[in-house]
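The block underneath contains the structure these notes are about, expressed in structure tokens.
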Amino acid sequence: MNYVEVAVDAPIGPNKTLTYSTSEKLRVVTGQMVWVPLGQRLVQGIVFSLVDEPKLRSIRSVVSVIDPAPLISMRGLCLARWMSRHYQCSLFESISVMLPPGFRSNIDAYLEPLVENTPTSSLTKTAQAILQYIRVQGSVKEKTIKKTWGYVADNSVSRLISEGFVRRNWTIPHTRSSPSYRVSIIPKFPDKGVKAVAYLSSIGAFKQAALLKDLLLRPRDATLEEARRKYSTSVIDGLLGKDLLIQKWERVVSTSKSAVILPDQPLELTSEQQSVVDHIRTKLGSYDKRPRTILIHGITGSGKTEVYLRALDDCIRLGLRAIFLVPEIALTPQTMERINMRFPNQVALIHSGMSMKNQLDQWWGIRRGEFNVVVGPRSALFSPMPKLGLVIIDEEHEWTYKEQERQPRYHVREVAVELARMVNICVVMGSATPDIVTYFEALKGKHKLFNLPYRVGVRSNTNSTVPGILSLPKVDIADMRQELMAGNRSIFSRALSTGLKKCISKGEQAILFLNRRGSASVVQCRDCGMVLRCKRCAVTLTYHKLRGLLCHQCNLGYKSVTVCPECESPRIKYLGQGTQKVEEEIKSLLPWVSVSRWDSDSVVESGGHAAIMESFARGESQILVGTQVVSKGLHLPNVSLVGVILADIGLHLPDFRAGERTFQLLCQVSGRAGRGDIPGNVIIQTYNPKNYAVLAGANQDYRAIFETEIEYRRQQGNPPFSGLVHLTYSHFNEDVCKEEAQNFNKELRKLIEGDANRRISVIGPAPAHVYRIRGKYRWHIILRGDDIVNLIERMKIPRGWSIDVDPVSVL
DNA sequence: AGCACGCCGACT
DNA sequence: GTCGGCGTGCTC
Ligand SMILES: [Zn+2]
Ligand SMILES: [Zn+2]
């Protein structure tokens, strides 16, 4: 008997595995996925290790192996261990991000009737009805019972099982193997086909004769799958056994356009770029020289992408492979295109927008080592790339790199840095506005820091270095308080409206940026001021052109209203998205100008982000109003004015990263102006013109924001000076929710008081920023200090609490 | 997470 | 007395 340690799909504590026994013939190996019994059900599990002696007496055995191929490499298993402890999730949860797309599933239990003649009089009416139903049907999904009888069935079903009327059973679904191969069956001797058919008929193999005849008459090869639909496996096997058929295995070529890619030429490097590339080269594949993590702080247009491409090239030349992470695929088509052009037919792309089949093909292709580079969002870090040597994280500061919704709530930067500590890979992070934490770490020597302070000549082969200061756009701050005092109630300051007029009259283009948070559409009553809210969540509903009234938290759709539910007034006002309002204002200011919008509605209408960007780049409209920052890499030489409608949105949120976030946004927006031959102008409208984040953003002064922000963080003990853990409790009952939060808070404080060195402080409990989601009330507690995980491990967390370690925001 | 078990008020 | 609603604890 062999024993294995399995990470099962159940929320048992972090880093816990359960022991199962296996027989020799199952041939269970590490990294495989298996079905194992757990209590009264069957769950998926990943084999973590093989052990000789079990620690327990009561051990059950592995039911079956789901895929003979080990799905998780040693690297993955080690990383999962670390993630499980660091993010306080189950081992299986941390494994779940590494599985082939769509692999995680649960199995349906069926109820089967047992002995017929037992008297049923001891049963309740519901139980009798359910039993009757199961006996008639023969075998019924347990889910079906629960659906038709509701949760009243719960007791009855367990009663039926315990008293031996029915039993649970499972049918294990067929193994999903690599989908990239198509097996066709073709007659081996087509010219002697007629003879063969006659022979088969003569020996009584009529089905086999029919199949062979079918195949001979077909114009094209039949796939095994097609044949299986009409004939049983034994018929097909019979013909194969008689050597009348041959199987042909074909690689399925991905149907995505395999356009001819014109390889592009590497650009000449500046000395600054060259030194970064040289440094990375020394780290690639090296074991000893730490740190193997690198931060490139390079202003917009300083040529970070070219550095990445050179690093990729060096990596591939060494026979190693790379993962290139981008914040959002849809917003960075140019980056993808450049990588593709430099490394034709070597790049895999994987993201959730692709079809499941496509994703699976890419996953298995990556695993077989068919690609040298994987490009993707945060989840791409976990793609099964063999011989990994390099991970690049572009726009390192972006929040999309942190998973916030479900466990594992990981930050891909943290995981990549940990990976570089575990194995000999090199991590290159780059940003014009590095995360305060990353930059601080780099200054402390945790990462090797490089600065690229100059813009390189955009798209020019001379590649001349011009000091960044000279080509930086002129930035003006418009004080909206003064505008109000001067009687200007328009959303445009005088500076911005004259700027727009001037820009347009010269035939140039302008971009107006609006923070998405302030741009949501609302539905309001003109008489009583009522705003429509979701009945399950404490948020206002938004109105989408395509999907109508919608709750942003729970995705619930609503019918549009014509009468106010509060005062029955019919005067209902549909305030469009903020971008629409801005568009209207432009129309009244400059009626003849063509304006295009870039927001959630217009993305749907005009066919995607890329379509909007390209249309504007071609000059089809003169002003672009958007909630998106135009992606990097898109050349917009004609844009001479960029306006930020209101910089303050989000600035006063009760979140310690609010200032940093505002700065990043302003920097990114201003970075769009003045990249062509026309000197650019940026106008930032604000009610807080003296705010440090607004000022630093306006001046694109990273040093200023870093120094101010790091001092705040030091004073308040926020990251990077201590860790944070965000605990949220949610419950349908408001009082229960509050009570539990207060109880747990007491427990936490008691435990901390008892500690010798009380290095952890408890903040809260307090109602969460969004007080109710999907009908559940929410209270939260923030823990601040060092080694909080250690504290959490020492106490049992009651169910209903969700844990976010190193949260990106504590709203 | 699911599932069982056990306790308690409501109703035959 | 049973029924079923809900809190609690365990799963190799
Ligand atoms: Zn009203
Ligand atoms: Zn909602």
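Naming convention: chains lettered A, B, ... in sequence-line order (proteins, then strands); numbering from 1 in each chain.
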- Side chain A:R799 and base B:dA1 donor-acceptor under 3.5 Å: no
Mind calculating the distance between [atom1] ([X]) and [atom2] ([N]) to the nearest angstrom?
{"X": "A:R159", "N": "B:dC3", "atom1": "CZ", "atom2": "P", "value": "19 Å"}
{"X": "A:L111", "N": "B:dC3", "atom1": "CG", "atom2": "P", "value": "10 Å"}
{"X": "A:L50", "N": "C:dC12", "atom1": "CG", "atom2": "P", "value": "20 Å"}
{"X": "A:L56", "N": "C:dC10", "atom1": "CG", "atom2": "P", "value": "14 Å"}
{"X": "A:I59", "N": "C:dT11", "atom1": "CD1", "atom2": "C1'", "value": "13 Å"}
{"X": "A:F92", "N": "B:dG2", "atom1": "CZ", "atom2": "P", "value": "13 Å"}
{"X": "A:K55", "N": "C:dC12", "atom1": "NZ", "atom2": "C1'", "value": "10 Å"}
{"X": "A:E142", "N": "B:dC3", "atom1": "CD", "atom2": "C1'", "value": "9 Å"}

Answer with base, sugar-phosphate or nothing: what part of the nucleic acid does [X] contact at a heavy-atom distance below 4.0 Å?
{"X": "A:I12", "result": "base"}
{"X": "A:P54", "result": "nothing"}
{"X": "A:T19", "result": "base"}

- Task: Among B:dA4, B:dA1, C:dC12, find the nucleotide with the atom closest to the side chain of A:A10.
- Result: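 Ranking B:dA4, B:dA1, C:dC12 by closest atom to the A:A10 side chain puts B:dA1 first.
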- Item | Closest nucleotide among C:dC12, B:dA4, B:dA1 to the A:L18 side chain | C:dC12
- Within the pair A:R60 and C:dC12, is there a side-chain N or O less than 4.0 Å away from OP1 or OP2?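 True: A:R60 side-chain N/O within range (under 4.0 Å) of C:dC12 OP1/OP2.
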- Message: Counting only side-chain nitrogens and oxygens, does A:R168 get under 4.0 Å of the OP1 or OP2 atom of B:dA4?
- Response: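 True: A:R168 side-chain N/O within range (under 4.0 Å) of B:dA4 OP1/OP2.
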- Assign the ring pair A:W801 / A:Y729 to parallel, tilted or perpendicular, where the plane angle (0 to 90°) is split at 30° and 60°. tilted
Do you see a donor-acceptor pair shorter than 3.5 Å between the side chains of [X] and [Y]?
{"X": "A:Y87", "Y": "A:E414", "value": "yes"}
{"X": "A:R413", "Y": "A:T438", "value": "yes"}
{"X": "A:E5", "Y": "A:Y20", "value": "no"}

- Below 4.5 Å, heavy atoms only, C-beta onward: do A:L79 and A:L419 meet side chain to side chain?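 A:L79 vs A:L419: side chains touch.
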